[in-house]
Amino acid sequence: MANRGEIALRIIRACRELEIETVAVYSEADRDAPYLQLADERVCIGPGPGIRSYLDIPKIISAAEITDVEAIHPGYGFLAENAHFAEVCQSCHIQFIGPTVENIRALGDKASARRLARELGIPVVPGSNSLLASEEEAVKVAQEIGYPVIIKATAGGGGRGMRVAHNDISLTSGYQQARREAENAFKNPDVYLEKYVEKPRHIEVQILADSYGEVIHLGERDCSLQRRHQKLIEECPSPAVDAALRARLGDAAITLARAVEYRNAGTVEFLLDRQGNFFFIEVNTRIQVEHPVTEMVTGIDLVKEQILIASGAPLRHAQKDVVLRGASIECRINAEDPSAGFKPVPGTITRFVPSGGPGVRVDTHVAAGYTIPPFYDSLIGKLIVHRENRDEAIATMRRALDEFVVEGVQTTIPLYREIFRHFHFIKGNLNTSFIEEYFLDA
Ligand code: ADP
């Protein structure tokens with residue numbers, strides 16, 4: 001596992017069930033993380049900062065060579081969507097558990113993926129045809145399609161490198177800010193522009209593809225509950241998607257996957273506007289944080305499937321065998337202070353009592369006494385429920401949130417306790433501005 005935390009543990013669990021031995025790499029900051037003991041071998045790859053450990057390709061490859069691994073699972077974040085890393089694995093004869101180098105190149109650049117989708121007849125948000133060459137071009141396109149617009153980094157991810165603009169003046173400054181942010185975060189300042197869809201839902205389709213051209217979709221996830229364009233709560237199925245819309249979204253996702261001869265697991269993301277139109281926004285060429293809700297509803301273990309596909313196995317499920325049963329919702333438990341703009345609050349967890357009981361799954365790498373390192377993201381666990389229908393899932397989530405005890409650091413749990421009692425959430429009236437609108441004082 002070229003990763004850490006809950007996703008490293010998730011991969012270890014899949015491997016143990018498949019009777020595959022695992023090697024965990026860890027930074028000095030993660031030295032005492034309890035999940036490392038579940039790996040068969042452990043290799044320290046350097047100091048805490050990601051750039052000197054989990055992002056350091058030569059160190060990870062050296063660890064892989066020393067321990068003679070056959071394959072590397074990159075998890076999410078870090079090197080998961082780094083085509084160069086996938087290429088290095090290939091040249092070292094290590095199987096990269098994910099899409100091909102060509103897939104990552106074709107879809108990782110958001111402006112190119114957008115162009116490809118448009119060429120395939122998949123609806124995209126109106127906007128620039130390609131990268132913006134200048135501020136003047138940005139203004140020209142924005143005036144053509146009408147404000148508000150959103151400037152987006154082509155290399156973007158995690159909600160970074162995006163700026164919404166309502167007029168020429170905010171567009172000019174937003175253009176520069178987005179470029180600077182993208183250069184700092186992704187070493188690539190290129191940006192493009194889209195119409196800013198007001199209060200859409202974020203709907204994404206999970207796909208699986210094998211090395212023999214078979215592609216299936218596993219339904220959608222509704223990830224509309226976000227803060228700063230980053231997801232907090234996800235569910236499957238979406239309360240806004242019926243069978244007909246699901247089939248159209250699935251077709252669009254599969255068309256795109258086939259066009260690039262996609263392999264392994266991936267997610268095709270769309271926005272759904274208030275009129276029910278969907279628009280492609282991007283593809284994530286990796287396993288996602290929110291994959292468990294799809295696993296619960298389909299009964300398909302996505303991480304195991306990733307490993308089997310990478311080993312050359314054909315898909316084990318046909319499209320007609322994929323059935324969505326019940327409803328699943330996930331809350332990302334982050335060590336953050338929602339009242340201070342979701343500022344991360346690293347520190348030591350003094351008490352940790354995860355919820356349990358019927359319908360509850362908790363994916364976490366932490367325990368009481370665990371110190372959250374300041375170097376990585378603030379996710380300390382995921383609380384997932386699965387019930388017969390959405391109302392039951394909400395009831396179970398409320399109970400599970402009330403049971404969950406985390407002391408020593410602030411978390412997003414108190415905010416979620418309120419959200420799961422909010423009239424519009426219960427009704428399924430979700431959109432990407434929901435949390436800002438109802439829960440944050442402007
Ligand atoms: P990232 O790769 O950084 O996650 P995405 O392109 O996936 O960026 O977008 C993340 C979120 O940003 C979306 O879920 C949505 O909330 C918002 N967003 C992106 N594009 C638009 C758009 N054209 N109109 C409105 N909101 C958008």
Go through the steps to decide whether T67 and E41 satisfy the test side chain to side chain donor-acceptor pair (under 3.5 Å), and finish with yes or no. CA-CA 8 Å; T67 51; E41 288 183 70; 5.4 Å; no

Using salt bridge (Lys or Arg N to Asp or Glu O under 4.0 Å), reason through E181 and R163 one step at a time and then give a plain yes or no. CA-CA 10 Å; E181 198 171 306; R163 283 290 180 287; 2.8 Å; yes

Chi angles and distances behind the salt bridge (Lys or Arg N to Asp or Glu O under 4.0 Å) call for K199, E437: CA-CA 10 Å; K199 299 194 179 182; E437 190 169 338; 2.9 Å; yes

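Considering only heavy atoms from C-beta on, P239 comes within 4.5 Å of R201 through its side chain. Within the 4.5 Å cutoff, no side-chain heavy atoms of E234 are placed close to those of E204. Put simply, the side chain of V101 does not reach to within 4.5 Å of the side chain of F96, judged on heavy atoms. Counting only heavy atoms from C-beta outward, the side chains of V353 and E403 never approach each other to under 4.5 Å. Counting heavy atoms from C-beta outward, V125 and I150 have side chains that stay 4.5 Å or more apart. Annotation: side chain of S328 is in contact with side chain of I384 (closest heavy-atom distance under 4.5 Å). Within the 4.5 Å cutoff, the side chain of I307 has no heavy atoms near those of the K304 side chain. Between I372 and I349, the closest side-chain pair of non-hydrogen atoms falls below 4.5 Å.
The main-chain N or O of F420 is found under 3.5 Å from a side-chain atom of R398 such that the two form a donor-acceptor pair. Not a single donor-acceptor pair under 3.5 Å links the side chain of T285 to the backbone N or O of I104. Side-chain atoms of K382 come within 3.5 Å of backbone atoms of V289 as a donor-acceptor pair (strictly under, hydrogens ignored). Side-chain atoms of N103 come within 3.5 Å of backbone N or O of R263 as a donor-acceptor pair. Remark: side-chain polar atoms of D30 are not paired, donor with acceptor, to backbone N or O of A33 under 3.5 angstrom. Checked by atom type and distance alone, the side chain of K59 pairs as donor or acceptor with a backbone atom of R52 at under 3.5 Å. Between the side chain of T371 and the backbone N or O of T348 there is no donor-acceptor pair closer than 3.5 Å. At distances below 3.5 Å, at least one donor-acceptor pair connects side-chain atoms of T412 with backbone N or O atoms of N334. Side chain of D210 to backbone of P314: no donor-acceptor contact under 3.5 angstrom is found. Panel note: side chain R228, backbone R160; no donor-acceptor pair is recorded below 3.5 Å.
Atom OG in S355 sits 7.0 Å away from atom CZ in R399 (nearest 0.5 Å). With rounding to the nearest 0.5 angstrom, the CD1 atom of I216 is 8.5 Å from the OG1 atom of T298. Distance check, rounded to the nearest 0.5 Å: OG1 of T411 to CG of L379 gives 11.5 Å. Between atom OG of residue S112 and atom CG of residue L107 there is a gap of 9.0 Å, rounded to the nearest 0.5 Å.
Taking the ring pair (Phe, Tyr, Trp, His ring centres under 6.0 Å) definition, one finds that F352 meets it with F404, sequence neighbours left out. In this view, R258 satisfies the salt bridge (Lys or Arg N to Asp or Glu O under 4.0 Å) rule with no residue, not counting sequence neighbours.
By the 30° and 60° cut-offs, the orientation of the rings of H422 relative to Y438 is tilted. Taking the six-membered ring where the residue is Trp, Y370 and H365 present perpendicular rings, their angle passing 60° and hence far from 30°.
What you find for P237 and A327 is that their closest heavy atoms are CD-CA, 4.0 Å. The shortest non-hydrogen separation linking Y26 to Y54 is CA-OH, 3.3 Å. Across every non-hydrogen atom of R390 and K427, the tightest pair is NH1-C, 4.1 Å. Closest approach of I207 to A253, counting heavy atoms only: CG2-CB, 3.9 Å. Residues L218 and L324 share a closest heavy-atom pair of O-CD2, 4.0 Å. Residues A257 and V215 share a closest heavy-atom pair of CB-CG1, 3.9 Å.
Inspection of the D222 and S238 side chains reveals an N or O donor paired with an N or O acceptor under 3.5 Å. The closest side-chain donor-acceptor pair between Q230 and R227 falls under 3.5 angstrom.
Of the candidates H386, Q206, R361, E295 forms a side-chain hydrogen bond (donor to acceptor under 3.5 Å, both in side chains) with just one, namely R361. Exactly one of R286, R10, Q306, Q95 qualifies for a side-chain hydrogen bond (donor to acceptor under 3.5 Å, both in side chains) with H73. That residue is Q306. Shown are V385, I413, L415; of these, the side-chain contact (heavy atoms from CB on, under 4.5 Å) with L401 is made only by I413.
E407 CD: more than 12 foreign heavy atoms inside a 6.0 Å radius. Residue E21 qualifies as open at atom CD: its count of foreign heavy atoms under 6.0 Å is 12 or below.
Comment: R105 engages E87 in a salt bridge, judged by a side-chain N to carboxylate O separation of less than 4.0 angstrom. Between E282 and K152 there is no salt bridge, since no side-chain N of the basic residue sits under 4.0 Å from a carboxylate O of the acidic one.
F278 does not carry R246 over the face of its six-membered ring by the limits of under 6.0 Å from the centre and within 45° of the normal.
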